[in-house]
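Let me begin by presenting the structure, written as structure tokens, before commenting on it.
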Amino acid sequence: MDGVETYKDVLSGKCPFGGDRVGGAQATPPTLEQWYPDRLRVETLHQNGPQANPLGAEFDYRAAFASLDYEALKSDIRQFLTSSVSWWPSDYGNYGPQMIRMAWHSAGTYRIADGRGGAGQGLQRFAPISSWWDNGNTDKSRRLLWPIKQKYGSALSWADLMVLTGNIALEIMNFPTYGFAGGREDAWEADNATYWGPELWDPTNVKSFDEMVNRDKRWRGKNGEADYDLENPLAASHQSLIYVNPEGPYANGDPMGSARDIRVTFTRMAMNDEETVALIAGGHAFGKSHGMVKADRIGPPPEIAPIEAMGLGWHNPEGSGAAEHTMTNGIEGSWTQNPTTWDNSYLENLFKFEWKQTRSPAGALQWEPTDPDAPRTPDAHIPGKSHPLMMMTSDIALKTDPVYREICEKFLSDFDYFTLQFSKAWYKLTHRDMGPKERYVGPETKIEDDLLWQDPIPPVDHPLIDEADIAALKAEILATGLSVSDLAFTAFSSVATYRNSDKRGGANGARLALAPQSGWTVNRRTLPVIERLRGIMAGFNGKAAGGKKVSLADLIVLGGCAAVEEAAKAAGTATPVPFVPGRMDTTDALTDADSFEWLKPLVDGFRNYVDPSFAEITQGRVAPEEVFLDKANLLALTAPEWVVLTGGLRALNLNHDGSRHGIFTDRVGALTNDFFTVLTSMDYEWKKTDGAGHAFTLDDRQTGETKFTATRCDLVFGANAQLRAVSEIYAGRDGQERFVRDFVKVWHKLMMLDRYDAKRNDAGAPKAA
């Protein structure tokens, strides 16, 4: 009977075993991020990996970009900019202002604190940036550009196309740009790791996404108070904005308060006061702002728009949803009488007239002239119709703040000077995250100029050392009596500043020997080593034939390579360590000390360094191992590379103060896998020695005797499941040889991270001498 009933159930479509409901699929929440929100997300080291790239690891984008017909590309973009399509008509018959905004917002996410953001990977295409309120309708800009992207295919990245289109938009409106460099490679997935601020939104309430445009969690104090401060590493004054609220802080229409926010925000984006004024005044010389529909009428952003929207967001139900009905940031109008021509009318209008507060059709606070006879601006779509000029609170701020006002007055009196400063500031804005000029591609790269923000290093002007010189110099360095630990520590410290985010820092230039790095506590061990190496450099350069020279930068790295070779030999696994000469020494005059101060570490787990003010600065919101992970990401390390590098540095005792934390060996200076064998052994147990859980002892389980001491930056490699899985590989019986081989490989990678001048092999890795 049961069998008959089951058979009937099957015939009726009912599953005889139950489970006839589906509640989720791959990646449906809750996932690890919801179950264990405080876990260390080591997997973020592998974002945008080769498996996500449809072009394959062998594709050379720089070569592809260099091979395309650049003038034909520019011609196509020019032709597009003065066209118009029905589904998104151009303002004033010119897409230029719209494309300037797209390019500006693509680049404007850059922040100097950690070098993240910027135009470099075209991340405006992906969440969260694609769906920030401040990026409203940039999705339309990219769709308008699709035919051009489609035509040039993989030889033209979105990242390059967005910036280049912004440049050409300026040019067709009679602005002389400073130059353009290509070479930005696209990302292929969303950035799911960058910290953009503490604000959250309610996924059950679509409108709460728009309400993310708030500021209270990222600021300390109130605007105007002495302790007013924006938390690091953030730059934008509000979540979901690129810069500041154009209506003023708290949307209160306070110009002086707006000036304070502008100064903090633009400084965090690596701009000084003159560059800030140039960018605002220059950018607002073009186009208009859009605020014809109230925000609560606008649909959700692209990332949560309905599937039939095909990736387009912010659906506007009013009229055509575009043209004269467009809604973007809520402010409506133009700053000038000639919104598609480069001239000085923005500043002329700002200073000639008095301005009064009013409201846009969307309800946003804005300003218009008190003089009824002031010039008017033409409607962007309806012939014969005009409107009062418009200013934002953030514009009035330039007139109110005394420093900004003085700069504006200088620009007013010297339009050519203003033009030059805006062209240079725009170039900096759109190229700041590209790193050394060796990475620039294309006929308009302006590589002949040395701009301080590019961290210039003098070109090689002498014959380089050869194999015989390298061998002799290694022997001379080791004969000084400098320890393997100190030599390796100095070499690692020279590369530890590198940031893959904006390609700053690294060993080239020997900035380790210059201010501010020479004065950092974490680098104190390097000072006597550098003095010895200077002596070797002077001796070699004074007697070498044929003008041959060695730089301090090369000697620092060479000393580290010699030390690693000695350490491997001492562990019984002798192996050569690659070395590529060609680094040069830069100067104090070519080093922006204030800018480099941002590279000073708060935590450097590789050297077991934690700033004494860490607890006060982070207020318990961030653990040292999380900042350690952040640093591993900036050094472009994978999880296995992070693990093996740390284990090797501990074997060499690269602790910043020479302490014994994490030195799980009695063979210090030998490149052994002892760190991993002790870390994974159950013969020991870890015990906290402080209330905060930052310091530990490793005690013998049988005797209770303390064998070793450690920090959280040691413990994490045994406590985190993913890091432990890698550590176990190096702790195995066959782990020693693999450990030395892999350590040497990652060591060479680090020493070459900033060597964009060096020839690379087919796999993209630098070639050793």
Worksheet item: How far does OG1 of Thr419 sit from CG of Asp343, to the nearest 0.5 angstrom?
Response: 10.0 Å
Practice prompt. Scan Asp134, Asn137, Asn316, Asn135 and name whichever one has a side-chain hydrogen bond (donor to acceptor under 3.5 Å, both in side chains) with Thr328.
Written response: Asn137
Item to complete: Ignoring hydrogens and angles, state whether a donor on the side chain of Tyr404 or Glu409 is under 3.5 Å from an acceptor on the partner side chain.
Response: no
Item to complete: Evaluate the criterion side-chain hydrogen bond (donor to acceptor under 3.5 Å, both in side chains) for residue pair Thr336 and Asn338; output intermediate values, then yes/no.
Response: CA-CA 5 Å; Thr336 77; Asn338 305 297; 5.9 Å; no
Response to the item:
One should read off an interatomic distance between Asp433 CG and Lys428 NZ, to the nearest 0.5 angstrom, of 12.5 Å
Discussion item. With a 3.5 Å distance limit and no angle check, can you tell me whether Thr165 reaches the backbone of Met162 through a side-chain donor-acceptor pair?
Written reply: no
Practice prompt. Taking ring-ring contact (aromatic ring centres under 6.0 Å, His included) as the test, write out the residues that go with Phe415, two or more places apart.
Written response: Trp342
Worksheet item: Who pairs with Tyr250 by ring-ring contact (aromatic ring centres under 6.0 Å, His included), at least two apart in sequence or on another chain?
Response: none
Worksheet item: About how many Å separate CZ of Arg143 and OG1 of Thr138, when rounded to the nearest 0.5 Å?
Response: 11.0 Å
Worksheet item: Is a side-chain N or O of Gln421 found less than 3.5 angstrom from the main chain of Phe418, in a donor-acceptor match?
Response: no
Worksheet item: Would you call Asp139 and Arg142 a salt bridge, taking side-chain N to carboxylate O under 4.0 Å as the test?
Response: no
Fill in: Short side-chain to backbone donor-acceptor contact, Ser360 and Ala364, under 3.5 Å
yes
Discussion item. Show, in sequence, the C-alpha distance, side-chain angles and deciding distance for Tyr427 and Trp453, and conclude whether the side-chain hydrogen bond (donor to acceptor under 3.5 Å, both in side chains) test is met.
Written reply: CA-CA 11 Å; Tyr427 186 71; Trp453 57 264; over 6 Å; no
Discussion item. Using a strict threshold of under 4.0 Å (side-chain N to carboxylate O), is an ion pair present between Asp114 and Arg499?
Written reply: no
Worksheet item: Short question: side chain of Gln124, backbone of Met102 - any donor-acceptor pair under 3.5 Å?
Response: yes
Worksheet item: Under the salt bridge (Lys or Arg N to Asp or Glu O under 4.0 Å) criterion, do Arg41 and Glu33 qualify, and how do the steps go?
Response: CA-CA 9 Å; Arg41 296 174 57 206; Glu33 292 181 32; 3.4 Å; yes
Worksheet item: Taking Arg125 for the side chain and Gly122 for the main chain, is one N or O donor matched with an acceptor at less than 3.5 Å?
Response: yes
Worksheet entry | Distance-only side-chain donor-acceptor flag, Thr276 / Asp273, under 3.5 Å | no
Item to complete: Under the side-chain hydrogen bond (donor to acceptor under 3.5 Å, both in side chains) rule, what do Ser289 and Asn329 come out as? Steps first, then yes or no, please.
Response: CA-CA 7 Å; Ser289 186; Asn329 71 352; 2.7 Å; yes
Discussion item. If only side-chain N and O atoms count, and only distance matters, is there a donor-acceptor pair under 3.5 Å linking Ser141 with Gln98?
Written reply: yes
Fill in: Donor-acceptor side-chain pairing of Asn223 and Arg215 below 3.5 angstrom
no
Worksheet item: Taking the side chain from Gln47 and the backbone from Asp191, do they hold a donor-acceptor pair closer than 3.5 Å?
Response: no
Worksheet item: Below 4.0 angstrom, N of the basic side chain to O of the carboxylate: do Arg220 and Glu225 qualify?
Response: no
Worksheet item: Salt bridge or not for Lys410 and Glu406, using N-O below 4.0 Å?
Response: no
Fill in: Non-hydrogen side-chain atoms of Ser258 and Ile262 separated by less than 4.5 Å
yes
Worksheet item: Just how far is it from atom NZ of Lys600 to atom OG1 of Thr497, taken to the nearest 0.5 Å?
Response: 14.0 Å
Item to complete: Decide salt bridge (Lys or Arg N to Asp or Glu O under 4.0 Å) for Lys352 and Asp371; before the verdict, give the C-alpha distance in whole Å, the side-chain angles of both, and the deciding distance to 0.1 Å.
Response: CA-CA 10 Å; Lys352 182 176 181 179; Asp371 184 352; over 6 Å; no
Discussion item. Looking at Glu332 and Lys288, is any side-chain nitrogen of the basic one under 4.0 Å from a carboxylate oxygen of the acidic one?
Written reply: yes
Practice prompt. Decide ring pair (Phe, Tyr, Trp, His ring centres under 6.0 Å) for Tyr178 and Trp426; before the verdict, give the C-alpha distance in whole Å, the side-chain angles of both, and the deciding distance to 0.1 Å.
Written response: CA-CA 8 Å; Tyr178 194 73; Trp426 175 263; over 10 Å; no
Discussion item. Taking the cut-offs as 6.0 angstrom to the six-membered ring centre and 45 degrees off its axis, would you call Arg504 and Trp598 a cation-pi pair?
Written reply: no
Worksheet item: Is the side chain of Thr393 donor-acceptor paired with the backbone N or O of Asp254 at a distance under 3.5 Å, no angle test?
Response: no
Worksheet, complete the sentence: In this structure, CH2 of Trp104 is separated from CZ of Arg101 (nearest 0.5 Å) by 11.5 Å
Item to complete: For the residue pair Asn214 and His238, confirm or rule out a side-chain donor-acceptor distance under 3.5 Å.
Response: no
Discussion item. If you apply the rule side chain to side chain contact (heavy atoms under 4.5 Å, CB included), what do you find for Gln366 with Arg359, and how did you get there?
Written reply: CA-CA 6 Å; Gln366 57 188 68; Arg359 294 278 176 179; over 6 Å; no
Practice prompt. State the NZ-CG distance between Lys222 and Asp227, to the nearest 0.5 angstrom.
Written response: 11.5 Å
Worksheet item: Quick one: do the Trp335 and Asp395 side chains pair a donor with an acceptor below 3.5 Å?
Response: yes
Worksheet entry | Matching residue for Leu81 among Glu171, Met99, Met173 - test: side-chain contact (heavy atoms from CB on, under 4.5 Å) | Met99
Practice prompt. Say whether, by atom type as modelled, one donor and one acceptor occur between the side chain of Asn349 and the main chain of Ser345 under 3.5 angstrom.
Written response: yes
Discussion item. Donor-acceptor check, side chain of Gln357 to backbone of Gly253, threshold 3.5 angstrom: yes or no?
Written reply: yes
Discussion item. Does the Lys NZ or Arg CZ of Arg268 fall within the cation-pi geometry relative to Tyr110 - under 6.0 Å from the ring centre and within 45° of the axis?
Written reply: no
Item to complete: Could you pull out all residues at least two apart from Phe80 that satisfy ring-ring contact (aromatic ring centres under 6.0 Å, His included)?
Response: Tyr95
Practice prompt. Kindly determine whether Arg116 and Asn500 satisfy side-chain hydrogen bond (donor to acceptor under 3.5 Å, both in side chains), including the steps that lead there.
Written response: CA-CA 9 Å; Arg116 294 189 171 93; Asn500 200 49; over 6 Å; no
